[in-house]
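Notes follow once the structure below has been shown.
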2 protein chains.
Amino acid sequence: MDRRQRKSREAIFKAFSELLSEKSFSHITVGEIIDRADVGRATFYAHFETKDYLLKELCEELFCHIFDSVEGKLNNHKHIFECDAPDSVFLHLFQHLKKNDNSILELLSCQNNEIFLRYFKDGLLKLIKSESFLFENENMKQLPEDFRINFISSAFVETVKWWIDNKMKYSPEEIAGYFMLVTNCKTQMF
Amino acid sequence: MDRRQRKSREAIFKAFSELLSEKSFSHITVGEIIDRADVGRATFYAHFETKDYLLKELCEELFCHIFDSVEGKLNNHKHIFECDAPDSVFLHLFQHLKKNDNSILELLSCQNNEIFLRYFKDGLLKLIKSESFLFENENMKQLPEDFRINFISSAFVETVKWWIDNKMKYSPEEIAGYFMLVTNCKTQMF
DNA sequence: TATGATATCGAACATTTTGTTCAATATTAT
DNA sequence: ATAATATTGAACAAAATGTTCGATATCATA
């Protein structure tokens, strides 16, 4: 990708992210974005069809990293179900979030976090679906599979939301423990 | 309330609801609403400050009924914790939704359902908070209270969402059973 | 380093949407 | 019947969207 393109794209992402932590998505205008990013109006529309697509691409870029890291983890541990809690997928996710190596946390905790949490959940859903055998437990066997998978994803996202709302004052290990408790998957999944 | 006011208000609500099941909230314009409702532009703005307030008031009107019915139930059964499952609050909510006595189901199942599910969850959260002693169980005692309450509300809303997505092919009793299973609250809450 | 390709610029532009105003008209409550 | 009030339609300003285009700056690469 051309350096100019990359620069413009990043300037727009940066400006947009900043604005998202100041006001709600629907009240942000293209005019504000390009002013802050310091790019021309035509440039914006050369990169992104609409404001909605900008959001979509930002989300994809953000969650790409975090899910890649989980998939790597899954592939490295074919026998993950034999591991202890510290090696679990979910603990890994909590730890990854805590490290905050990109701006994902900022966006997950801003007033528009619902948008990002939804993307987060969708990615999680796919991940769990693809490895669903890992996420079974005795209690929930009788439930329809998609109900079960949906429940686990939702519970995880809600836990993350609560964790962030509480300024992440609990350690990844503690919060993973809470999550294990409510999903009742301690012995099977970790 | 003046009959003219009521008529305009209802025409606007109706038009807005219809549009919501056709396209996303952000793409609906005031122009479209007033065309379909067949009221003047000035009338719209006499009733609602903005499109956002229209949504807010629609939600309030919709969920007012359903939560009132639950509170009534709670007051009629001071000893609800001694009741069997069929009398539970949550089963009552599932049954109330199934009856579909207003247009709430339509909106909960349209492509914009996230908006309404969020309102639903907020109402639920308040309800559960006010009667939180009813929603305890052995397993979850060690969790922070707001975490627990948030988890139950989320699990309920996610269950409703899944139920609706699956065309409500399960009975209120069945779906209440699923909910009880994942929240692990069978013995204490019902 | 010269060249052709391409990204950006900025300014102008048409279009859409928002939100306000106002005088004329219709409906309501009493 | 009367006074109060809601609606109307049209016009209006302001803001936002999305497009166009020629000039300029930057890039890849030979």
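So you know, we letter chains A, B, ... as the sequences are listed, proteins then strands, and number each from 1. What you are looking at is a predicted structure, and each value in this text was computed from that prediction instead of being measured.
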**Item:** Any donor-acceptor N/O pair under 3.5 Å between dG10(C) base and R41(A) side chain
**Value:** no

**Asked** Taking atom types as modelled and ignoring hydrogens, do the side chains of N150(B) and K129(B) form a donor-acceptor contact shorter than 3.5 angstrom?
**Response** no

**Nearest-angstrom distance from the residue atom CD of Q5(A) to P of dA5(C)** = 17 Å

**Prompt:** Is there a donor N/O on one and an acceptor N/O on the other, under 3.5 Å, for the side chain of R4(B) and the base of dT27(C)?
**Reply:** yes

**Request:** Consider the side chain of D2(A), meaning its heavy atoms from C-beta on, and name the nucleotide among dA10(D), dT17(D), dA7(C) that approaches it most closely.
**Result:** dA7(C)

**Prompt:** So does H47(B) get a side-chain nitrogen or oxygen closer than 4.0 Å to the phosphate oxygens (OP1/OP2) of dT7(D)?
**Reply:** yes

**Message:** Between T43(B) and dA6(D), is there a contact of a side-chain N or O with OP1 or OP2 at under 4.0 Å?
**Reply:** no

**Message:** Rounded to whole Å, please give me the gap between CZ in R3(A) and C1' in dA5(C).
**Reply:** 17 Å

**Message:** So, does Y45(B) get its side chain near the phosphate of dT20(C), meaning an N or O under 4.0 Å from OP1 or OP2?
**Reply:** no

**Asked** Excluding sequence neighbours, so at least two apart, what forms side-chain hydrogen bond (donor to acceptor under 3.5 Å, both in side chains) with K51(A)?
**Response** none

**Prompt:** For the pair made of CG in L54(A) and P in dG18(D), what is the distance, rounded to whole Å?
**Reply:** 12 Å

**Message:** Salt bridge or not between E60(A) and K56(A)? Use side-chain N to carboxylate O under 4.0 Å.
**Reply:** yes

**Request:** Scan residues 22-30 of chain A against DNA chain D and write down, sorted by residue number, each residue with any heavy atom closer than 4.0 Å; if none is found, say none.
**Result:** T29(A), V30(A)

**Asked** When you match V39(A) and A42(B) each to their closest nucleotide on DNA chain C, which lands nearer the 5' end?
**Response** V39(A)

**Asked** How far apart are the C-alpha atoms of K23(B) and E32(B), what are their side-chain angles, what is the distance that settles it, and do they pass the salt bridge (charged side-chain N to carboxylate O under 4.0 Å, His left out) test?
**Response** CA-CA 11 Å; K23(B) 50 163 72 184; E32(B) 286 173 311; 2.7 Å; yes

**Request:** Could you state the atom-to-atom distance from CG of D52(B) to P of dT17(C) in whole Å?
**Result:** 16 Å

**Asked** Please give, in whole Å, the distance from dA6(D) C1' to F48(B) CZ?
**Response** 14 Å

**Prompt:** Heavy-atom distance under 4.5 Å between the side chains of F16(A) and E57(A), does that happen here?
**Reply:** no

**Request:** List the steps, then state whether salt bridge (charged side-chain N to carboxylate O under 4.0 Å, His left out) holds for K14(A) with E18(A).
**Result:** CA-CA 6 Å; K14(A) 184 166 179 294; E18(A) 282 174 22; 2.9 Å; yes

**Asked** What's the CZ-P distance between F44(A) and dT20(D), to the nearest Å?
**Response** 17 Å

**Complete:** Between G31(B) and D38(A), the residue closer to the 5' end of DNA chain C by nearest nucleotide is D38(A)

**Message:** Under a 3.5 Å cutoff, is there a donor and acceptor pairing between the side chains of Q95(B) and E173(B)?
**Reply:** yes

**Request:** Could you check how far CZ of R6(A) sits from C1' of dA7(C), rounded to whole Å?
**Result:** 13 Å

**Request:** Let me know the distance between CG of D35(A) and C1' of dT17(D), rounded to the nearest Å.
**Result:** 14 Å

